[in-house]
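Naming: A, B, ... by sequence-line order, numbering from 1 per chain. It should be emphasised that the depicted structure is a prediction, and the values quoted were computed from it without experimental measurement. Worth knowing before you read on, the calculation uses all heavy atoms, side chains too, and leaves out hydrogens, waters and symmetry mates.
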Amino acid sequence: MAEATSSKPETKSDFLRIMTERGYLHQLSDHAGIDALAAKGELTTYVGYDCTAASFHVGNLLSIMMLHWLQETGNKPIVLMGGGTTQVGDPSGKDESRQMLTLDGIEANKMSLKQTFSRLLRFGEGPSDAVMVDNAEWLTPLNYIAFLRDVGRHFSVNRMLSMDSVKLRLDREHELSFLEFNYMCLQAYDFVELSRRYGTRLQMGGSDQWGNIVTGIDLGRRMGAPQLYALTCPLITTASGAKMGKSAQGAMWLNADMKPPYDYWQFWRNTEDADVGRFLRLYTLLPLDEVARLEALGGAEINEAKKVLATEATAIMHGREAAERSAMTAQQTFEQGVTSADLPSVTVSAEEWNAGIGVLSAFVRAGLLASTGEARRQIKGGGLRVNDEVLGDERRVLVDADRVAEGAVKLSLGRKKHVLLRAP
RNA sequence: GGAGGAGUGUCCCGAGUGGCAAAGGGGGCGGACUGUAAAUCCGCUGGCUACGCCUUCGUAGGUUCGAGUCCUACCUCCUCCA
């Protein structure tokens, strides 16, 4: 925790009170300054998002929730899409050479990412309505020499070298490219530019962004901007120490076309006991007394809290209806032992079905397994089931008689993953 | 520019003597136990038209019946010297 927060001054603003109570705060640069602006509804705040993928994932969710609460408490959120900075690429963290994204790819990602915000933020022209901008707007036309003279002269390399992110790389003797310096500078410049255009005063982000944000504050001071502020949220890990939403299966995407609501619901349903209270505060909008009640449930009853967590979190991203349907599907599947027609399904063509699908390829076709070899191994381990019966014969071919549930074959990997294989 | 060291299973780390689909971890996936949890224990963790075939140890050649292992060139990274 930052020393800046340790003094615990009195909080007047709803925004900071909520940030504190719900566990969003990691570091902030000036509690009193931020608090005063927030209390007046003048804390225009931005978070920047690079367009490196077509969807956000659970790891990005925290900052979006923070923007939501900011708006709820009467302040103006600004969503900055990094159409410009993505062209440079943030090299921090990655040691593998990242492929350069094409301009078209960045644009496509940007359009796809935009949809995430609509459920949590209200956009418009009003004083606390959210605004979305793209930093390509001012970064692309920049002239190198002019930028160096006007902006670059304010950067102190000495100071940048003392930043944690840089120091770490230097100490470990890892390559630190000039590109990375530029990224920091561009992000800092964004902050100043946004303060000019929208009166932005605060930048929020993950704890790894602290250095970059503070660099922006510094630049703002040197370029005559009003006092700027920083606020970061913690890097969320599960109680077991795993990074939030990252698995071998891939990221837990927020876009429904990349991760169906049912899977999203299941993700939250499988939260560890020890995380339930914390996640309810961070990832749902439930009032804190309700959270406290759910958190207090012990033993197997905690499962009720997990269901609430799953439904509430899913409702935020995919809507109440999809969340309820996911909950229903789960109840039928896990509690009643009934095959639900709403389970994820994969449809094969009539020709494919009539040609006779072997069980091995059926599981691969359903997307449950990556290869027939893996299917063979899972059969040996007793991990595959067809219509809820453990599969022992890897040579078995699916026939019409197997289509018992809703005209589909229910394929299961382990106890939790089910897919309906449909054919016309 | 000179001297030395390193690149291993496409998730990561990491052993490796000329017979290697390649030790051991971590992670992941399955099974058991449970509560769709954690912890614990067990199994699996290159591909396929599968008692066989194919592809893998930075890249390209070479020696050999046989190369991750030996030789040559090249690429990348690191350390020391200039």
Side-chain angles (χ1 to χ4, degrees), chain A residues 91 93-99 169-177 237-252 262-280 294-311 313-314 326-340 343-344 355-386 388-397 411-419:
Chain A
K94 302 280 170 244
D95 49 359
E96 62 195 56
S97 54
R98 34 165 271 104
Q99 80 234 30
R169 299 285 275 284
L170 292 181
D171 289 349
R172 286 191 196 162
E173 291 167 343
H174 277 227
E175 166 89 355
L176 177 70
S177 71
T237 56
T238 68
S240 309
K243 242 186 224 171
M244 194 65 188
K246 286 215 105 179
S247 76
Q249 301 280 311
M252 189 52 58
Y262 173 79
D263 290 339
Y264 193 73
W265 193 93
Q266 284 296 322
F267 168 76
W268 293 105
R269 174 64 182 82
N270 286 304
T271 298
E272 295 176 33
D273 287 9
D275 290 327
V276 171
R278 192 161 53 108
F279 287 1
L280 280 167
L294 290 166
E295 194 177 14
L297 295 173
E301 286 193 340
I302 192 94
N303 282 317
E304 294 310 311
K306 291 185 190 181
K307 288 178 205 167
V308 173
L309 168 64
T311 301
T314 305
S326 299
M328 180 65 73
T329 304
Q331 195 197 352
Q332 289 172 341
T333 304
F334 289 96
E335 293 175 31
Q336 297 168 7
V338 181
T339 300
S340 167
L343 283 172
I357 301 182
V359 281
L360 297 176
S361 46
F363 274 92
V364 175
R365 197 69 180 66
L368 285 167
L369 298 168
S371 68
T372 58
E374 195 181 347
R376 279 171 220 274
R377 281 180 237 120
Q378 288 293 359
I379 287 174
K380 275 185 200 135
L384 298 188
R385 279 172 296 149
V386 175
D388 295 318
E389 286 188 26
V390 175
L391 178 61
D393 176 15
E394 64 178 48
R395 291 173 178 279
R396 179 167 163 194
V397 173
L411 302 177
S412 308
L413 166 65
R415 301 236 164 261
K416 295 185 189 174
K417 287 168 216 143
H418 311 281
V419 170

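Comparing atom distances between the A:Lys306 side chain and each of B:U36, B:A37, B:U49 picks out B:A37 as nearest.
Using the Watson-Crick or G-U wobble rule with both distances under 3.5 Å, B:C20 pairs with nothing in any strand shown. For B:C77, the paired base is B:G5 (Watson-Crick or G-U wobble, both distances below 3.5 Å). Across all strands shown, B:U36 remains unpaired; no Watson-Crick or G-U wobble contact has both distances below 3.5 Å. Across the strands present, B:A67 finds no partner; the criterion is a Watson-Crick or G-U wobble pair with both atom distances under 3.5 angstrom. In this structure, B:A60 forms a base pair with B:U72, meeting either the Watson-Crick or the G-U wobble geometry with both donor-acceptor distances under 3.5 Å.
Rounded to whole Å, the P atom of B:G14 lies 25 Å from the corresponding atom of B:C81. If you take atom P in B:G30 and the same atom in B:A39, they sit 15 Å apart, rounded to whole Å. Comparing B:G58 with B:A15, their P atoms are spaced 14 Å from each other, to the whole Å.
Checking the phosphate oxygens (OP1, OP2) of B:G30, no side-chain nitrogen or oxygen of A:Ser412 falls inside 4.0 Å. Note on A:Ser371: a side-chain N or O is less than 4.0 Å away from OP1 or OP2 of B:C48. OP1 or OP2 of B:U34 has not a single side-chain nitrogen or oxygen of A:Lys416 nearer than 4.0 Å. Not one side-chain nitrogen or oxygen of A:Arg415 sits closer than 4.0 Å to the OP1 or OP2 atom of B:A37.
Residue contacts for A:Ala330: at a heavy-atom cut-off of 4.0 Å it reaches a base atom on one of the strands shown.
Scanning atom types as modelled, no donor and acceptor separated by under 3.5 angstrom connect the side chain of A:Glu374 and the base of B:U45.
Atom CG of A:Asp273 and atom C1' of B:A37 are 4 Å apart (whole Å). When the C1' atom of B:G31 is taken as reference, atom CD of A:Gln378 falls 10 Å away, rounded to whole Å. Distance, A:Arg385 CZ to B:C29 P: 16 Å, rounded to whole Å. Atom pair A:Arg269:CZ and B:G35:C1' shows a separation of 8 Å (rounding to whole Å applied).
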